Amino acid sequence: MKKKNRTSLLILAFFGTILVAKVISVRYIQNSMNNPEIVSDGNIVSSGENFKVFDISQDMHPEYLYEIYDNSGEVVKSETMFAFPTITYVSDTLLSIEWGGGSDTWLGQYYDIDKNICSNIIQSPFALLEQKIVYLALSDDVTGHKMVVSDVFDETKYYKELHIDDLSSAINPILSVEFINNQELKVCYLSGEDYEEKTQVFQID
């Protein structure tokens with residue numbers, strides 16, 4: 001009887017140790033996600049003077065944390081996500097943050113280092129010139145798409161819709177967008193049911 005009791009106690013102690021270890025592990029992962037400083041010495045996969053991207057993947061599930069810094073080195077924005085964020089300098093004072101949104105779409109956000117302001121999340125951003133951003137949005141009747149040119153931080157300062165009558169219904173009908181100058185925009189797109197490639201120049205000022 002004593003031998004059976006001892007065996008039972010050993011089994012309980014073993015599983016108790018595993019349970020405690022799991023609780024500690026879960027708490028550490030949660031704290032790492034909520035407190036960026038815990039993983040500040042982790043695996044840095046991308047960095048610049050005003051940003052760092054950390055790989056905080058657990059158990060083969062990809063997950064990333066990015067931090068944005070002002071010019072004094074203070075963290076002004078941090079976020080975790082499952083898609084890898086590509087952060088680049090659009091200019092000396094403007095950062096672009098882009099990541100995949102699924103179904104052949106992507107999302108973007110922009111941060112002005114000097115003004116310490118961040119844009120809203122923009123779906124399918126195509127081109128940026130100074131503070132004008134071009135992106136694809138659903139049409140008002142939600143049956144198709146429309147091109148939008150707006151101020152990247154404040155649409156009340158500048159907003160214009162570009163209508164392409166023969167734009168195809170493809171998931172991504174826009175092939176390329178290029179600013180010719182501050183007043184003209186060249187758009188290459190797929191047209192109609194046959195997905196014919198066409199190019200159109202728009203006046204945007």
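Only a predicted model underlies this, so the values are computations on that prediction, with no experimental measurement involved.
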- Quick check: does any side chain N or O of D59 sit under 3.5 Å from a backbone N or O of H61, one acting as donor and the other as acceptor? no
- Message: Let me check something: do W99 and Y64 share a hydrophobic cluster, defined by ILVMFWY side-chain heavy atoms less than 4.5 Å apart, either directly or through other members?
- Response: yes
- Query: If every non-hydrogen atom of Y89 is compared with every non-hydrogen atom of G48, which pair is closest and at what distance?
  - Reply: OH-C, 4.0 Å
- Do the side-chain N and O atoms of Y69 and E67 include a donor-acceptor pair separated by under 3.5 angstrom? yes
- Among I121, L128, I117, L95, which residue meets the side chain to side chain contact (heavy atoms under 4.5 Å, CB included) test with Y110? L128
- Rounded distance [0.5 Å steps], CD in Q123 versus CG in L107: 6.0 Å
- Message: Please determine whether the number of non-hydrogen atoms from other residues, nucleotides or ligands lying under 6.0 Å from atom CG of D92 exceeds 12.
- Response: no
- Message: Applying side chain to side chain contact (heavy atoms under 4.5 Å, CB included) to F51 and S46, what does each step give before you reach the verdict?
- Response: CA-CA 8 Å; F51 72 91; S46 178; 3.6 Å; yes
- Query: Is the backbone N or O of Q203 less than 3.5 Å from a side-chain atom of K160, with the two atoms forming a donor-acceptor pair by type?
  - Reply: yes
- Task: Would you check if there is a donor-acceptor pair between the side chains of E161 and Y159 at a distance under 3.5 Å?
- Result: yes
- Task: Would you indicate whether N120, at its atom CG, is surrounded by more than 12 heavy atoms from other residues, nucleotides or ligands within a distance under 6.0 Å?
- Result: no
- Could you state the interatomic distance from CG (D112) to CG (L94), rounded to the nearest 0.5 Å? 6.0 Å
- Query: Do Q109 side-chain atoms and S119 backbone N/O form a donor-acceptor pair below 3.5 Å?
  - Reply: yes
- Report yes if the side chains of L162 and V148 come closer than 4.5 Å at any heavy-atom pair, otherwise no. no
- Task: Quick one: pull up OH in Y111 and OG1 in T93 and give me the separation to the nearest 0.5 Å.
- Result: 10.5 Å
- Task: Evaluate whether atom CG of D194 has more than 12 neighbouring non-hydrogen atoms of other residues, nucleotides or ligands under 6.0 angstrom away.
- Result: no
- Heavy-atom pair of closest approach, residues I44 and F54: CG1-CE2, 3.5 Å
- Message: Between S57 and E63 (side chain of the first, backbone of the second, donor and acceptor by atom type, cut-off under 3.5 Å), is there such a pair?
- Response: yes
- Note on the structure: In W106, F179, Y189, the residue satisfying ring pair (Phe, Tyr, Trp, His ring centres under 6.0 Å) with F126 is W106
- Query: When rounded to the nearest 0.5 angstrom, what distance separates CD in E184 from CG in N182?
  - Reply: 10.5 Å
- Note on the structure: When rounded to the nearest 0.5 Å, the distance separating CD1 of I174 from CG of N172 is 9.0 Å
- E79 vs K77, salt bridge (charged side-chain N to carboxylate O under 4.0 Å, His left out): CA-CA, chis, key distance, verdict: CA-CA 7 Å; E79 190 169 338; K77 178 178 174 60; 3.4 Å; yes
- Taking every heavy atom of A83 against every heavy atom of M81, the minimum-distance pair comes out as O-CG, 3.2 Å
- Item | Any donor-acceptor pair under 3.5 Å from D151 side chain to F153 backbone | yes
- Query: Does K198 come within less than 4.0 Å of D166, counting only side-chain N to carboxylate O?
  - Reply: yes
- Would you please test M147 and V149 for side chain to side chain contact (heavy atoms under 4.5 Å, CB included) and show each step? CA-CA 7 Å; M147 294 287 296; V149 185; over 6 Å; no
- Message: Grouping I, L, V, M, F, W and Y whenever their side-chain heavy atoms are under 4.5 Å apart, do V177 and L129 come out in a common cluster?
- Response: yes
- Message: Go through it in stages, so that I can follow the logic: the residues are E178 and L185, the test is side chain to side chain contact (heavy atoms under 4.5 Å, CB included), and I'd like the CA-CA distance, side-chain angles, deciding distance and then a yes or no.
- Response: CA-CA 6 Å; E178 178 186 352; L185 188 72; over 6 Å; no
- Message: I need the E74 CD to I68 CD1 distance, nearest 0.5 Å.
- Response: 14.5 Å
- Nearest heavy-atom approach of G192 to S168 is O-CB, 3.2 Å
- I133/S150 under side chain to side chain contact (heavy atoms under 4.5 Å, CB included): CA gap, chis, key distance, verdict: CA-CA 6 Å; I133 185 76; S150 73; 3.6 Å; yes
